[in-house]
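Here the structure comes first, spelled out in structure tokens, and everything after it is commentary.
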Amino acid sequence: EVQLQASGGGLVQTGGSLRLSCAASGFSFDDYAIGWFREAPGKEREAVVCYSTWDDNTYTADSVEGRFTISVDNAKNMHYLQMNALKPEDTAVYYCAAQLMDRGSWFVGPNYWPFRGQGTQVTVSS
């Protein structure tokens, strides 16, 4: 069974940093793309950073380019979202998710990620 659990959220001031963690089980990063999404009140769910170890391909949303990065620890079945230079508009519930790849292909749109863990709240104060 594919399971994911995000943690590491909290309250931080503008310009601060947080690292979110995602504990994954029941699947291999070799077969699944992984990603981070966020959902803020009144806004649609947004793909933040997504990554595949299969082709070492990364998608990063324009809104976080240069500030957010994803990393993977295969040995621990963990992946992380490092968030720097946080802004109030980054405030949201953040989720980690997984998508079974089809011969190495995967898609960014939120509807393509059927496996999603409980979110963690990130609040950036101004």
Original post:
Of all heavy-atom pairs between T91 and A40, which one has the smallest distance, and what is that distance?
Top reply: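 For T91 versus A40, the nearest heavy atoms are O-CB, 3.6 Å.
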
Value rounded to 0.5 Å, distance of [atom1] in [X] from [atom2] in [Y]:
{"X": "M78", "Y": "S7", "atom1": "CE", "atom2": "OG", "answer": "6.0 Å"}
{"X": "S17", "Y": "Q82", "atom1": "OG", "atom2": "CD", "answer": "6.0 Å"}
{"X": "M83", "Y": "W36", "atom1": "CE", "atom2": "CH2", "answer": "8.0 Å"}
{"X": "E89", "Y": "R38", "atom1": "CD", "atom2": "CZ", "answer": "8.0 Å"}

Subject >> Student check: side-chain heavy atoms of L18 and L86 closer than 4.5 Å >> reply: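 Yes; the side chains approach each other to less than 4.5 Å.
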
Subject >> Aromatic plane relationship, Y94 with F68 - under 30° parallel, 30 to 60° tilted, over 60° perpendicular >> reply: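 Tilted, since the angle between the ring planes falls between 30° and 60°.
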
Original post:
Parallel under 30°, tilted from 30 to 60°, perpendicular over 60°: which one fits the rings of W113 and W106?
Top reply: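 It falls in the perpendicular class, over 60°.
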
Original post:
Of the options D56, T69, N57, T60, which is the one that meets Y51 in a side chain to side chain donor-acceptor pair (under 3.5 Å)?
Top reply: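 Only match with Y51 under side chain to side chain donor-acceptor pair (under 3.5 Å): D56.
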
**OP:** Please answer whether the main-chain N or O of K87 pairs with a side-chain N or O of D90 as donor and acceptor at a distance below 3.5 Å.
**Re:**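 Answer holds: yes.
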
Original post:
With the 4.5 Å side-chain cut-off for hydrophobic clustering, are V64 and Y95 part of the same group?
Top reply: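 No, separate clusters.
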
Subject >> Transitive ILVMFWY side-chain link Y80 to F29, under 4.5 Å >> reply: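 As far as the 4.5 Å side-chain criterion goes, F29 and Y80 are not connected within one cluster.
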
Original post:
With a 3.5 Å cut-off and no angle check, do the side chains of T120 and Q5 form a donor-acceptor pair?
Top reply: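 Result is no, nothing qualifies.
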
Original post:
Does the side chain of S52 come under 3.5 Å of the side chain of D55 through a donor N or O and an acceptor N or O?
Top reply: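 On atom types as modelled, these side chains qualify, holding a pair under 3.5 Å.
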
